[in-house]
Amino acid sequence: MASGAGSNFEALVAASRSGALPGEVQLLVVNQPGCGASARAQRLGVPWQLIDHRLHSSREELDRALIAAFQQARVDLVVMAGWMRIVTPVLIQAFPDRLVNIHPSLLPSFRGIDAVGQALATGVRLSGCTAHLVCEEVDAGQVLVQAAVPVLADDDHASLSARIHAQEHRILPLAVQLAAQRLGLDQN
Ligand code: GRF
């Protein structure tokens with residue numbers, strides 16, 4: 001699931017294709033027409049689908065459309081790789097322990113939107129990213145993998161984001177692998 005540039009989606013595809021991540025990316029779902037993630041899927045030859053939140057009457061209806069797409073694609077795990085919508089218990093309960101999110105902070109610091117801006121505004125010297133299981137409280141599920149990066153004196157939003165992104169691309173495939181192992185999916 002992606003809403004924006006899709007660099008984490010591409011990192012998952014690359015990890016799968018290199019053999020570093022056992023498993024395949026079956027389907028990308030985006031909610032923003034024309035987003036970078038769908039262009040990457042096109043280039044990489046990964047099936048993708050637009051499920052536009054504006055065409056659904058509620059968050060729950062959107063989640064039901066997502067579930068239908070994932071069930072049809074017979075996925076074992078769902079990854080929110082830059083999905084900029086709040087998901088509801090409808091989706092979370094359909095994929096218990098199978099829904100992974102990546103967030104650009106060392107949770108539990110800086111939950112919610114613009115975690116990079118929050119880190120810069122607070123003046124922390126260390127930030128990073130967290131891959132975690134999704135629960136009903138936003139950005140609060142069980143941590144799978146974290147990576148820390150320094151916040152440098154001359155950092156701006158772009159430079160700190162880039163440093164964090166590089167680590168996201170490293171830890172998200174590891175987190176997916178860990179979640180799959182915990183579920184015994186690697187035995188199948
Ligand atoms: C990442 O920083 C992720 O942590 C956040 O949204 C961003 C998505 O980046 N949830 P991309 O679309 O994968 O490039």
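Small disclaimer: the values here were computed from a predicted structure and weren't measured. Counting starts at 1 for both ligands and their atoms, following the listed order.
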(message) Using the side chain to side chain donor-acceptor pair (under 3.5 Å) criterion, which residues pair with R182? Sequence neighbours excluded.
(response) Q142

(message) The criterion is side chain to side chain donor-acceptor pair (under 3.5 Å); which residues satisfy it with Q49, sequence neighbours excluded?
(response) none

(request) Starting from the C-alpha separation in whole Å, work towards a yes-or-no answer on side chain to side chain donor-acceptor pair (under 3.5 Å) for Q146 and Q167. (result) CA-CA 9 Å; Q146 290 186 302; Q167 295 306 312; over 6 Å; no

(request) Sort out for me which residue in E137, Q118, H103 forms a side chain to side chain donor-acceptor pair (under 3.5 Å) with R111. (result) E137

(message) Using side-chain heavy atoms (C-beta onward) and a distance below 4.5 Å, is P108 in contact with H132?
(response) no

(request) Name all residues meeting the ring-ring contact (aromatic ring centres under 6.0 Å, His included) criterion together with H53; count only those two or more places apart in sequence or in a different chain, and write none if there are none. (result) none

(message) So if I only count non-hydrogen atoms and take anything under 4.0 Å from ligand 1, which residues does that give, chain by chain?
(response) G4, A5, G6, S7, N8, A81, G82, I102, H103, P104, H165, E168

